[in-house]
Amino acid sequence: MIHAAIDGSSLGNPGPSGWAWYVDDSCWAAGGWAYGTNNKGELQALIELLEATKHSEEPLLIYCDSRYVIDSCQKWIPQWKKRGWRTADNKTVKNLDQMKAIDLAVKGRDFTFQWVHGHTGHPLNDKADGFAHAAATAYQDGTPVARGPGFPRPVGAVEVPEGDPEPQDDTTDHNSPRPEVAEALSVTQPELDGFNGWDPGQASLSVDLTELTRELMGDEIQLDRERLSELLHPEFVAHLPEGAIRTKGSILARPASLMGTVHLDVYGSDRLADDVVLLRFRMEQNSQDFLCAVLWQRTQQMWQARFQHVAVVG
């Protein structure tokens with residue numbers, strides 16, 4: 001039998017978040033996101049453990065300090081499925097994508113939960129908690145995440161690199177993204193039909209990305225951390241004046257900084273690939289001029305900023 005602990009961590013809840021599962025010092029994994037919740041971390045730890053051990057025929061004993069995770073698996077998921085993934089009061093199930101992933105991952109698996117008190121000296125739980133917290137801290141600080149060795153693969157198995165899934169952000173009691181946010185995204189993101197034949201000077205795409213850039217650089221986005229997280233790619237990096245470097249995690253962890261009205265004068269937009277566009281522009285903000293560039297990347301039919309460079313004029 002495989003004995004494993006799972007845990008999640010969030011700094012701010014929501015905020016920079018991490019997940020981890022732990023078997024022993026030679027068999028563990030961790031990851032996270034720049035913006036998430038404790039519950040998402042706990043659920044993702046379970047998903048990752050089930051995925052990592054799917055090739056093993058040994059039963060799993062899972063130590064978990066989250067009643068939310070245990071009750072979701074043992075009680076609620078079967079009931080939600082019968083109601084079309086709706087709660088008893090006909091609301092959308094929270095963290096729906098993760099719940100569906102768990103529902104698929106547990107099929108045919110031999111596993112048992114054992115609830116433990118968190119932070120009480122249980123050796124496996126404490127290790128998982130430590131790695132999850134370290135991952136959340138890394139996303140907050142913009143430093144590399146210690147991802148761990150993972151679970152040993154069978155001899156001859158093909159290794160497939162896996163990145164951390166970018167969760168849909170939830171800022172109110174662990175909800176999935178608000179419907180109005182998803183609807184707004186579908187409207188503001190450029191239509192991509194025929195994108196392979198796009199001319200860098202095509203007005204419609206340039207206007208869409210200009211509007212997204214104006215939103216990204218403006219004050220309003222600083223007060224809407226959920227929307228800011230949506231616009232930033234998980235691997236976002238910004239090179240700012242005076243040598244400052246910011247990542248998505250460090251930006252979301254910093255207090256809102258308001259700079260006043262922004263005026264953009266677009267110099268050009270260059271298609272570097274079918275799903276990558278570089279927008280070059282001059283920006284006037286708070287009576288100061290800057291030369292800027294934002295690299296936009298399309299991910300899952302959505303444009304996100306991947307890189308930003310800002311230089312002071314003069």
Side-chain angles (χ1 to χ4, degrees), residues 2-53 60-70 95 98 101-102 114-153 159 161-171 174 225 229 232-238 245-255:
I2 300 170
H3 292 247
I6 60 174
D7 210 351
S9 177
S10 180
L11 308 179
N13 201 30
S17 302
W19 59 263
W21 58 260
Y22 178 86
V23 175
D24 57 38
D25 286 345
S26 65
C27 183
W28 61 274
W33 317 282
Y35 199 70
T37 62
N38 279 340
N39 279 355
K40 279 192 176 295
E42 301 275 3
L43 293 170
Q44 195 63 37
L46 175 60
I47 293 170
E48 298 289 343
L49 175 63
L50 291 170
E51 175 65 22
T53 58
L60 268 173
L61 176 59
I62 305 172
Y63 299 100
C64 178
D65 61 12
S66 171
R67 289 290 188 187
Y68 173 69
V69 170
I70 296 174
N95 303 312
Q98 288 178 301
I102 290 172
Q114 181 170 321
W115 182 78
V116 296
H117 285 280
H119 312 288
T120 56
H122 187 283
L124 270 65
N125 176 260
D126 284 356
K127 283 284 192 176
D129 174 71
F131 285 126
H133 182 78
T137 301
Y139 274 97
Q140 181 183 61
D141 297 342
T143 57
V145 177
R147 299 188 180 276
F151 199 89
R153 297 281 181 175
E159 293 285 350
E162 296 181 358
D164 295 330
E166 179 70 7
Q168 296 174 325
D169 297 324
D170 54 354
T171 58
H174 317 310
R225 310 307 269 183
S229 180
L232 299 181
H233 189 279
E235 304 300 327
F236 175 80
V237 174
I245 297 176
R246 299 283 184 267
T247 64
K248 179 174 181 177
S250 64
I251 288 173
L252 292 174
R254 293 169 66 89

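The basis for the numbers below is simple: all heavy atoms, side chains too, and nothing from hydrogens, waters or symmetry mates. Quantities reported herein were computed from a predicted structural model and do not represent experimental measurements.
- Rounded to the nearest 0.5 angstrom, L46 CG and C64 SG are separated by 7.5 Å.
- Applying the side-chain hydrogen bond (donor to acceptor under 3.5 Å, both in side chains) test to T137 and every residue at least two apart in sequence or in another chain returns nothing.
- Every residue meeting the ring pair (Phe, Tyr, Trp, His ring centres under 6.0 Å) condition with F131, not counting sequence neighbours, appears here in chain and number order: W28.
- Side-chain N or O atoms of K248 include none that pairs as donor or acceptor with a backbone N or O of E235 at under 3.5 Å.
- Sequence neighbours left out, the pairs with a member in residues 13-28 that pass salt bridge (Lys or Arg N to Asp or Glu O under 4.0 Å) are D25-K127.
- Of the possible polar contacts, one joining the Q98 side chain to the K40 backbone as a donor-acceptor pair under 3.5 Å is found.
- Put simply, the side chain of T53 gets close to the backbone of L49: a donor and an acceptor are under 3.5 Å apart.
- S66 pairs by the side-chain hydrogen bond (donor to acceptor under 3.5 Å, both in side chains) definition with nothing, not counting sequence neighbours.
- If you take CD on E42 and CG on N95, they are separated by 11.5 Å, rounding to the nearest 0.5 Å.
- Scored by the side-chain hydrogen bond (donor to acceptor under 3.5 Å, both in side chains) test, D129 finds no partners at all (sequence neighbours excluded).
- Judged as a ring pair (Phe, Tyr, Trp, His ring centres under 6.0 Å), and not counting sequence neighbours, the contacts of H122 are Y63.
- Counting heavy atoms from C-beta outward, L252 and Y139 have side chains that stay 4.5 Å or more apart.
- Annotation: side-chain contact (heavy atoms from CB on, under 4.5 Å) contacts of A238 (sequence neighbours excluded): F236, L240, R246, Q308.
- With values rounded to the nearest 0.5 angstrom, I102 atom CD1 is found 7.5 Å from L50 atom CG.
- Atom CD of residue Q44 and atom CG of residue D7 lie 13.5 Å apart, to the nearest 0.5 angstrom.
- When every heavy atom of Q140 is checked against every heavy atom of A253, the shortest pair comes out as CG-CB, 3.6 Å.
- A donor-acceptor contact shorter than 3.5 Å is absent between the side chain of Y22 and the backbone of N125.
- A donor-acceptor distance shorter than 3.5 angstrom exists from the side chain of S10 to the backbone of G36, with no hydrogens or angles considered.
- Annotation: side-chain hydrogen bond (donor to acceptor under 3.5 Å, both in side chains) contacts of D126 (sequence neighbours excluded): none.
- A donor-acceptor pair is defined here as one N or O able to donate and one able to accept, closer than 3.5 Å; such a pair exists between the side chain of N13 and the backbone of N38.
- The shortest heavy-atom contact between A138 and V145 is CB-CG2, 3.8 Å.
- Contact of the Q114 side chain with the I62 side chain is not registered, since no non-hydrogen atoms from C-beta on lie closer than 4.5 Å.
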Practice item. In sequence, state the C-alpha distance, the side-chain angles, and the governing distance for L61 and I2, and then conclude on side chain to side chain contact (heavy atoms under 4.5 Å, CB included). Key: CA-CA 6 Å; L61 176 59; I2 300 170; over 6 Å; no

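- The nearest pair of heavy atoms linking G249 to P16 is O-CG, 4.4 Å.
- Rounding to the nearest 0.5 Å places CZ of F151 at 5.0 Å from SG of C27.
- Residues in residues 130-146 take part in no salt bridge (Lys or Arg N to Asp or Glu O under 4.0 Å) pair, two or more places apart or across chains.
- The heavy-atom pair separating A20 from A30 by the smallest distance is CB-CB, 4.0 Å.
- Atom OH of Y35 and atom CG of L11 lie 12.5 Å apart (nearest 0.5 Å).
- Between V23 and A4, the closest heavy-atom pair is CG2-CB, 3.8 Å.
- G18 and A136 make their closest contact through N-CB, 3.6 Å (heavy atoms, listed as atom of the first residue, atom of the second, distance).
- With sequence neighbours excluded, the residues forming a side-chain contact (heavy atoms from CB on, under 4.5 Å) with A101 are I47, listed by chain and number.
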